[in-house]
**Student:** 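Sharing a structure below in structure tokens format, with a few things to ask.
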Amino acid sequence: MFAAERRQLILEMVRANGAVSLRELARVVQTSEVTVRRDVRALEAEGLLDRRHGGAVLPGGFTRESGFPQKSHLATAEKTAIADLAANFVEEGEAIVVGAGTTTQELARRLARVPGLTVVTNSLLVAQALAHANRVEVVMTGGTLRGSNYALVGSGAEQSLQGLRVSRAFISGSGLTAERGLSTSNMLSASVDRALVQAAAEVVVLADHTKLGTDTMFQTVPTDLITRLVTDEPPAHDDRAATELQALADQGVQIAVAGAAGGQGGDPVPARAQQRRDVPLPAPRRGQVPGVAATLRANGALGEQSPGSERARVADLRRR
């Protein structure tokens with residue numbers, strides 16, 4: 001494929017979806033991410049699109065919201081890995097809320113195996129994923145159906161959540177920054193998501209790396225209310241995504257990173273392919289968290305020891 005043909009196809013994908021990751025663009029045009037990045041840079045210079053962390057978006061800063069058909073084909077492996085890891089934070093017998101989105105839909109498919117679970121949701125897709133789970137109770141909000149993402153929104157949905165209290169909220173969005181927190185492109189969706197968050201003791205955000213550093217119109221959850229972020233491993237060249245993760249950790253958000261190498265198109269990711277890293281919530285106040293890598297080493301989150309330290313420990317035992 002010639003460069004002009006590649007760039008035309010890239011432009012058409014971004015216009016159709018609003019935002020597309022470099023990985024997805026490289027897969028569709030059948031070339032490397034390096035080449036795609038060069039094409040995106042050239043299109044940006046012409047004012048036809050904007051570059052974002054690990055992807056490209058429509059020009060103008062605040063991207064429009066993509067519909068479910070487009071979203072369901074974006075970053076599928078990453079969403080699968082995130083859902084696999086997020087399911088580990090749900091315990092038997094819990095009551096939780098799960099918001100609308102393609103990543104939360106993937107999570108719901110895994111929650112069907114958790115006995116005694118009660119799930120409150122405004123998402124028809126989440127409810128459908130749990131419909132045949134005989135040990136999971138599903139509670140739907142009221143509201144008006146928003147067809148683009150199969151979610152119930154409006155005053156009916158918000159009123160049905162008043163007085164509710166659950167242990168955790170699992171929520172997604174269109175963008176996430178350390179400065180502003182989670183945001184979305186639709187006012188009605190943002191209002192219901194805020195009501196879901198207010199009902200939970202802890203807030204868990206599910207967002208793949210392409211959403212890091214992206215800021216959209218309506219704030220859903222400010223950073224200081226986010227307990228944990230579950231995301232995928234950013235590409236090695238994506239310095240800005242890594243910087244955003246560090247900034248979120250510095251503000252007290254616990255970071256859990258899942259590898260996405262084991263799945264394609266929504267297939268489950270084998271446990272051996274996952275990489276889990278937690279940055280613990282700092283105490284006694286936010287804003288004093290060490291670097292991500294240093295925190296992981298200090299807490300043994302990677303479960304590794306150097307050969308030298310192991311030999312020293314054995315030698316010490318022998319002397320005793």
Side-chain angles (χ1 to χ4, degrees), residues 1-79 82 101-103 146-149 172-190 206-220 231-245 247 260 264-265:
M1 187 180 296
F2 294 110
E5 294 176 309
R6 282 198 318 269
R7 292 172 186 177
Q8 182 61 35
L9 182 55
I10 289 171
L11 191 58
E12 290 174 358
M13 288 182 63
V14 173
R15 285 173 175 171
N17 299 303
V20 187
S21 70
L22 291 178
R23 291 177 183 173
E24 187 69 12
L25 290 172
R27 184 187 67 81
V28 172
V29 302
Q30 297 182 341
T31 188
S32 68
E33 288 188 31
V34 174
T35 301
V36 166
R37 193 179 302 109
R38 189 162 52 243
D39 291 336
V40 168
R41 191 177 294 115
L43 291 169
E44 182 184 43
E46 297 178 32
L48 298 174
L49 50 75
D50 288 342
R51 285 185 296 161
R52 285 295 181 269
H53 301 209
V57 301
L58 290 174
F62 297 105
T63 63
R64 69 173 177 84
E65 185 180 33
S66 302
F68 172 77
Q70 292 80 26
K71 288 181 178 179
S72 62
H73 295 295
L74 296 176
T76 53
E78 290 87 344
K79 291 173 183 177
I82 289 169
T102 52
T103 310
R146 184 166 180 262
S148 61
N149 64 345
S172 188
S174 302
L176 177 64
T177 65
E179 179 181 0
R180 194 159 173 254
L182 189 68
S183 61
T184 188
S185 304
N186 181 266
M187 182 174 62
L188 293 175
S189 295
L206 311 182
D208 64 77
H209 74 273
T210 63
K211 297 177 181 179
L212 296 176
T214 298
D215 196 7
T216 52
M217 290 184 67
F218 300 99
Q219 184 190 54
T220 302
T231 187
D232 63 296
E233 187 77 38
H237 57 77
D238 196 347
D239 294 334
R240 286 197 280 183
T243 300
E244 201 70 49
L245 282 177
Q264 294 291 334

**Student:** Taking side-chain hydrogen bond (donor to acceptor under 3.5 Å, both in side chains) as the definition, give me every residue that meets it alongside Q8, ordered by chain and number, with sequence neighbours left out.
**Tutor:** E12
**Student:** Under a 3.5 Å cutoff, is there a donor and acceptor pairing between the side chains of T210 and D208?
**Tutor:** yes
**Student:** Hey, what do you get for CG (L182) to OG1 (T220), rounding to the nearest 0.5 Å?
**Tutor:** 5.0 Å
**Student:** Under a 4.5 Å cut-off applied to non-hydrogen side-chain atoms, are E233 and H209 in contact?
**Tutor:** no
**Student:** Taking S174 for its side chain and T184 for its backbone only, find out whether a donor-acceptor pair lies under 3.5 Å.
**Tutor:** no
**Student:** Could I get the full list of salt bridge (charged side-chain N to carboxylate O under 4.0 Å, His left out) partners for E44, not counting sequence neighbours?
**Tutor:** R51
**Student:** Is the side chain of T103 donor-acceptor paired with the backbone N or O of K79 at a distance under 3.5 Å, no angle test?
**Tutor:** no
**Student:** With sequence neighbours left out, what residues match Q219 under side-chain contact (heavy atoms from CB on, under 4.5 Å)?
**Tutor:** R180, P222
**Student:** Do S172 side-chain atoms and A207 backbone N/O form a donor-acceptor pair below 3.5 Å?
**Tutor:** no
**Student:** Heavy atoms only: give me the nearest A190-F218 pair and the separation to one decimal.
**Tutor:** CB-CB, 3.7 Å
**Student:** Could you grab the distance from atom CG of L25 to atom CZ of R37, nearest 0.5 Å is fine?
**Tutor:** 11.5 Å
**Student:** Is the backbone N or O of G175 less than 3.5 Å from a side-chain atom of T214, with the two atoms forming a donor-acceptor pair by type?
**Tutor:** no
**Student:** Using only atom types and a distance under 3.5 Å, with no angle test, would you say the side chain of E24 pairs donor to acceptor with the backbone of S21?
**Tutor:** no
**Student:** List for me each residue that meets side-chain contact (heavy atoms from CB on, under 4.5 Å) alongside A178, sequence neighbours excluded, and say none if there are none.
**Tutor:** E244, A247, L248, Q251
**Student:** With sequence neighbours left out, what residues match L43 under side-chain contact (heavy atoms from CB on, under 4.5 Å)?
**Tutor:** R7, I10, L48, L49
**Student:** What pair of heavy atoms forms the shortest contact from V40 to A56, and how long is it?
**Tutor:** CG1-CB, 4.1 Å
**Student:** Once you round to the nearest 0.5 Å, how far does CG of L176 lie from OG1 of T231?
**Tutor:** 8.0 Å
**Student:** S32: which residues meet the side-chain hydrogen bond (donor to acceptor under 3.5 Å, both in side chains) condition with it, sequence neighbours left out?
**Tutor:** T35
**Student:** If you measure only the distance, is there a donor-acceptor pair under 3.5 Å linking the side chains of R146 and S189?
**Tutor:** yes
